[in-house]
Structures are given as C-alpha cells and as structure tokens.
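Heads up, the thing below is written out as structure tokens.
Fair warning: this is a prediction, and the values are worked out from it, not measured in the lab. First listed ligand is number 1; within each ligand, the first listed atom is number 1.
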Amino acid sequence: MKIAILGAMPEEIEPLLEKVEDIVRVDYANNTYYKATYKGIEIVIAYSKIGSAFSTLTATILLEKFGCDKLLFSGVAGAINEELEIGDLIYATKLCKHDLDITAFGHPHGFVPEGKVFIYPNEELTEIAKEVANSKDIELKGGVIATGDQFIHDNTKKEWIKETFNADAIEMEGYSVALVCDALNVPFFILRAISDSANSDASFDFDEFLEKSAKVSADFILEMVERV
Ligand code: SAH
C-alpha cells in the first residue's frame, strides 16, 4: 500500500516532511514529490499549488505515476458554518464546485453534463478519522466542503455558497482532488483546519493562522496514516 498525502501550499506539507523518514525527492511536471516512509508505511507527499487546475494535475500524478492507492488531503479552509472556529478540523462528507456555472442552459449550479454536483469521500477512511478523533479526544466535524477558484472574503458571496450548496467550509482544491480519485476508484479523504471565516477579515486571519491551522491538519493526517 502506498498513501498519497497532498496539500495545496508549502506550509501545508512542511509539518509532514518534518516527521517522515527516508525522504527521496522527485521533480516531475513542474512539481516536487517526496517519497518517504512513516512508521514503515510508504507515502508520497506533495503540494500542488493553489486551485483546481494545479490540484487536478498533482492528484492525477500521485495516483497514475506514483501508484498511490489511497489519498489523504491536508490543508486549511475558510469557515462558512458559524459553528466552525479558527483551528477547528472539518472533513468533507461531500464536496462541490461552487463556481461551476452553466445555469444559462437550465442546469443547477455546480453541474455539467456527465458530471456530479456532489462527490462523496470513502466511508472507511472517514471511520478511521473518527477513531483517531475519539482516541485522541480531538474534536472533528464533518460537513459539506465547497471548492472554487477564488479566495472568498466577502459575506454576500459566502452566504450565497451556504444557501446554494448547504456548505460548511470553503477552499480551492477539494472537489478537483475528489474528482480525480472518484474517477480512478481510489479511496480519498479531505481534511481541513479552519484558517479564516471567509469574511472581510479573511486575508488577515489567513496570514496569521495558516501555519498553525496547517499543522493541526497535518498532525491529524499522520495519525490516520498509522491506521489506514
Ligand atoms: N496567501 C496565499 C494565497 C492563499 S489562497 C498567497 O498569497 O499565495 C487560500 C488557500 O487556502 C487555498 O489553497 C484554499 O484552499 C485555502 N483557503 C483558506 N481560506 C479560504 C477562503 N476563505 N476561500 C477560499 N480558499 C481558502
């Protein structure tokens, strides 16, 4: 078994690279992949760069070139659900693409023909995450994660995404990664720690809390690796 661990930004994978062993760096397709082991388990770590295009590319390479047979995403997100606070962990129960819009042709938001509005992660990995949370007494929430190629820092937009997709958190890569894994039948799990509340303070909060929240997520993901 080989597990892919993917982030979007360097800050999201740095806490992982500090804890794994036997790192071998592979440069490929304008990106760097870190083959490594953690407690004897083979893993490949990478950050994709921000957004759906880059994350689609990196997720595909992790599965097709490196042969990973499970994928865990670790990163940060903006909160939409008011119950989520900075530093809280949320995993995706399903994911959608909030900025996919061909409604002019009568289709719902987030839908294109032969696609799906929502993609669902693997239940077994979700159960493992719940076990980790229980055993370590970590609060872990599940919810709808909305992906789009925009940093949301505006209450009106945030409310629209909440109402349209019933979303709890917002980020820029989850749906694309989910789409790749779903198409290739590879079990995946998307975890995010909250870095901001997607409101007018979001860019300031993001800069302040990115590293701390990214580490919360990365530490949890490594706990999961041991049990996968
Ligand atoms: N500060 C960075 C840009 C960060 S973009 C720079 O200047 O390079 C935000 C990243 O964090 C994305 O990878 C996204 O997945 C996640 N994210 C966190 N909060 C978000 C929000 N409010 N809206 C959208 N994505 C968010």
Side-chain angles (χ1 to χ4, degrees), residues 4-16 30-32 45-59 62 71-101 109-110 119 121 141 143-181 188-218 220-221:
I5 310 183
L6 177 58
M9 296 170 284
E11 293 84 351
E12 290 171 329
I13 66 159
E14 271 152 18
L16 299 165
N30 291 336
N31 212 341
T32 301
I45 301 172
Y47 75 90
S48 59
K49 300 186 267 293
I50 295 163
S52 59
F54 284 126
S55 52
T56 302
L57 173 68
T58 310
L62 280 166
L71 186 147
L72 308 174
F73 190 100
S74 179
V76 299
I80 293 191
N81 185 329
E82 285 99 45
E83 284 175 21
L84 287 171
E85 289 175 11
I86 288 171
D88 283 358
L89 279 171
I90 177 165
Y91 67 88
T93 52
K94 56 182 181 175
L95 298 110
C96 61
K97 182 91 166 76
H98 68 76
D99 57 354
L100 190 54
D101 182 353
H109 283 282
I119 302 177
K141 295 176 176 125
V144 179
I145 293 188
T147 300
D149 284 313
Q150 301 153 357
F151 181 79
I152 304 297
H153 56 114
D154 172 79
N155 272 329
T156 311
K157 190 121 210 197
K158 178 177 155 176
E159 282 307 311
W160 181 84
I161 294 167
K162 185 179 182 180
E163 276 163 30
T164 311
F165 297 99
N166 202 17
D168 296 289
I170 185 125
E171 39 85 305
M172 301 176 68
E173 299 84 16
Y175 181 89
S176 343
V177 173
L179 186 132
V180 171
C181 295
F188 69 97
F189 179 79
I190 310 280
L191 182 72
R192 298 276 180 170
I194 299 300
S195 55
D196 59 83
S197 297
N199 55 18
S200 54
D201 294 329
S203 56
F204 305 104
D205 287 344
F206 179 91
D207 282 344
E208 188 172 345
F209 298 109
L210 166 63
E211 278 181 31
K212 207 170 164 201
S213 294
K215 187 171 175 351
V216 170
S217 175
F220 191 95
I221 287 288

Original post:
Is the F189-Y91 ring centre distance short of 6.0 angstrom?
Top reply: yes
**OP:** Looking only at non-hydrogen atoms, find the nearest pair between A46 and T32 and report the distance.
**Re:** CB-O, 3.7 Å
Original post:
Can we say E163 and K158 salt-bridge, meaning some charged N sits less than 4.0 Å from an Asp/Glu carboxylate O?
Top reply: no
Original post:
Any side-chain donor paired with an acceptor under 3.5 Å for S217 and S74?
Top reply: yes
Subject >> Contact residues of ligand 1 (heavy atom under 4.0 Å), by chain and number >> reply: A8, M9, I50, V76, A77, G78, Q150, F151, I152, I170, E171, M172, E173, R192, S195, D196, A198, F206
**OP:** Could you tell me whether K97 and D149 make a salt bridge, using a distance below 4.0 angstrom between a side-chain N and a carboxylate O?
**Re:** yes
**OP:** For K212, check side-chain contact (heavy atoms from CB on, under 4.5 Å) against everything at least two apart and list the hits.
**Re:** none
